[in-house]
Amino acid sequence: MVKIALLGAAGQIGTPLSLLCKASDLFAEISLYDIVHVPGIATDLMHIDTRARVTGHLPDDSGLKKALTGADIVVVTAGIARKPGMTRDAQTNASIIRDIFAEIAATCPNAVSCVVTNPVNSTLPVAAETLKKAGVFEPTRLFGITTLDVVRASTFAAHALDSNSDPKAFKVPVIGGHSGATILPLYSQAEPPVNLDKETLAAVIHRVQFGGDEIVKSKQGAGSATTCMAYAGFRFVKAIVAAMNGESVTEEAYVYLPGIAGGQEIAQELGVDYFALKVTLGRTGANQVLPIGEISENESTLLKVAINDLKANIVTGVSFMAA
């Protein structure tokens, strides 16, 4: 049985993610950390009839260190949520990620760490650079969770095809980054094929790329993607646990390519060190990054745009740490 630490557990993503983890019966221990409310959330969750022991930790009295001690998996959702008119890059979450990963480096450097905090394109490089400075960076154990893009790609295709279609029936690889035009769903590789006319397909791709804006606008300033992000985050966490238990698992994730088998060549080809691709998972994290494969002419055009935008996002994260 595994211990998972959820950082930012009182937030609008962290709380439903905490519930999903407790309800799953996958964990021996769930430790929650945030600046408010988590002792009460932990008490609340402990009334659920699954085995996991849940503890809540606040910043006082070394709460972050206590939450991280002995953790096998760490999921970071802490940070400021987007509001209307605010881009992911406008958020000031880099310092939060830096401080959290400094403690991860000191307390549980061998844990598999997963970053949800936006802008993931920039915050994952911040996490990596923090671990590098501490001398404990292991690329195979650090992931940016982009699973929501994969979930949206199948869901929105099903919506466009038929109101009765099962979204889970479609497997659509999504590569690139985790914001706007850096998100590239590869419908040319969808299984089964997604047969949509050119105009409809373009609209579906745009919706996958900017689905977060749809939620931000509809919530009228009350938040961004939360419950769907918790669902997607839990899907990735389940994959990590399955791999730890010896199962063969492949999921998309945003990773530091040069540090994972198969990634160095892809990084050189694309001209970026961080990129979301299919990754095979093992007992200690990533085993291998899988190549992009054949894509359509339109997807090749979109890939160039994605890489161009992604380069700027990565520089933002790395430059923050250099400064």
Side-chain angles (χ1 to χ4, degrees), residues 1-7 17 20-21 24-30 68 70-77 101 104 108-117 120-121 123-125 127-128 131 136-154 168 170-178 183 185-186 189 191 229-267 273-293:
M1 296 291 283
V2 174
K3 174 178 177 178
I4 186 170
L6 304 176
L7 312 183
L17 179 58
L20 290 169
C21 288
S24 71
D25 227 358
L26 291 175
F27 304 100
E29 186 175 352
I30 302 169
L68 290 171
D72 302 292
I73 302 172
V74 179
V75 182
V76 185
T77 63
F101 273 86
I104 289 172
C108 56
N110 294 324
V112 172
S113 295
C114 307
V115 177
V116 173
T117 304
V120 171
N121 293 356
T123 56
L124 196 80
L131 295 172
V136 296
F137 181 44
E138 175 46 70
T140 61
R141 293 195 289 263
L142 180 64
F143 300 94
I145 297 184
T146 60
T147 314
L148 181 54
D149 304 324
V150 180
V151 170
R152 283 175 170 150
S154 59
K168 288 184 178 179
F170 297 95
K171 306 300 180 188
V172 185
V174 183
I175 64 172
H178 185 56
I183 301 168
L186 299 180
Q189 297 180 11
E191 297 179 2
M229 184 60 243
Y231 169 87
F234 180 64
R235 169 173 150 172
F236 190 78
V237 166
K238 282 195 300 181
I240 293 290
V241 174
M244 285 180 170
N245 290 331
E247 295 182 31
S248 178
V249 183
T250 300
E251 284 282 343
E252 280 89 347
Y254 184 64
V255 296
Y256 178 71
L257 292 173
I260 302 173
Q264 181 66 53
E265 298 80 5
I266 298 172
D273 284 346
Y274 294 88
F275 202 76
L277 282 170
K278 284 186 177 180
V279 180
T280 62
L281 303 174
R283 293 185 184 276
T284 59
N287 281 341
Q288 184 179 7
V289 177
L290 301 182
I292 294 173

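Judged purely by atom type and a 3.5 angstrom limit, Glu251 has no side-chain atom pairing as donor or acceptor with the backbone of Ile240. Under the 3.5 Å distance criterion, the side-chain polar atoms of Arg141 are left unmatched by any main-chain donor or acceptor of Val112. In terms of modelled atom types and a separation under 3.5 Å, the side chain of Tyr274 and the main chain of Tyr254 share no donor-acceptor contact. Proximity of a side-chain donor or acceptor of Asp72 to a complementary backbone N or O of Lys3 within less than 3.5 Å is detected. Distance alone, capped at 3.5 Å, is enough to place a donor-acceptor pair between the Thr123 side chain and the Thr117 backbone. Looking only at distances, no side-chain donor or acceptor of Ser154 sits under 3.5 Å from a matching main-chain atom of Val172.
Atoms CG and CD1, from Leu7 and Ile104 in turn, are 6.0 Å apart once rounded to the nearest 0.5 Å. Annotation: the span from Lys171 atom NZ to Lys278 atom NZ amounts to 10.0 Å, rounded to 0.5 Å. Here OG1 of Thr146 is found 9.0 Å from CG of Leu277. Values are rounded to the nearest 0.5 Å. Rounded to the nearest 0.5 angstrom, Glu29 CD and Ile4 CD1 are separated by 11.5 Å.
Taking the side chain as every heavy atom from C-beta outward, Ile73 and Met244 approach each other to under 4.5 Å. Leu6 has its side chain out of reach of Thr77: every pair of non-hydrogen atoms, C-beta onward, lies at least 4.5 Å apart. Using a 4.5 Å cut-off on side-chain heavy atoms (C-beta onward), Ile145 and Val120 make no contact. No side-chain heavy atom of Leu257 sits under 4.5 Å from any side-chain heavy atom of Asp273. Using a 4.5 Å heavy-atom cutoff, the side chains of Ile175 and Glu252 are not in contact.
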(request) Apply side chain to side chain contact (heavy atoms under 4.5 Å, CB included) to the pair Ile183 and Arg152, showing each step before the final yes or no. (result) CA-CA 11 Å; Ile183 301 168; Arg152 283 175 170 150; 5.8 Å; no
(request) Would you sort out whether Tyr256 and Leu142 count as a side chain to side chain contact (heavy atoms under 4.5 Å, CB included), showing the intermediate values? (result) CA-CA 8 Å; Tyr256 178 71; Leu142 180 64; 6.0 Å; no
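The minimum heavy-atom distance linking Phe27 with Cys21 is given by the pair CD1-O, 3.6 Å. Summarising the geometry of Ser113 relative to Phe101, their closest heavy-atom pair is CB-CE2, 3.7 Å, with the distance given to 0.1 Å. Annotation for Val151 and Ala232: closest pair CG2-CB, 4.3 Å, computed over non-hydrogen atoms. Listed here is the closest heavy atom pair of Ala71 and Ala5: CB-CB, 4.0 Å. Residue Leu281 comes nearest to Ala243 through the heavy atom pair CB-CB, 3.6 Å, listed as atom of the first residue, atom of the second, then distance. Across all their heavy atoms, Phe234 and Ser24 have their closest contact at CZ-CB, 3.3 Å.
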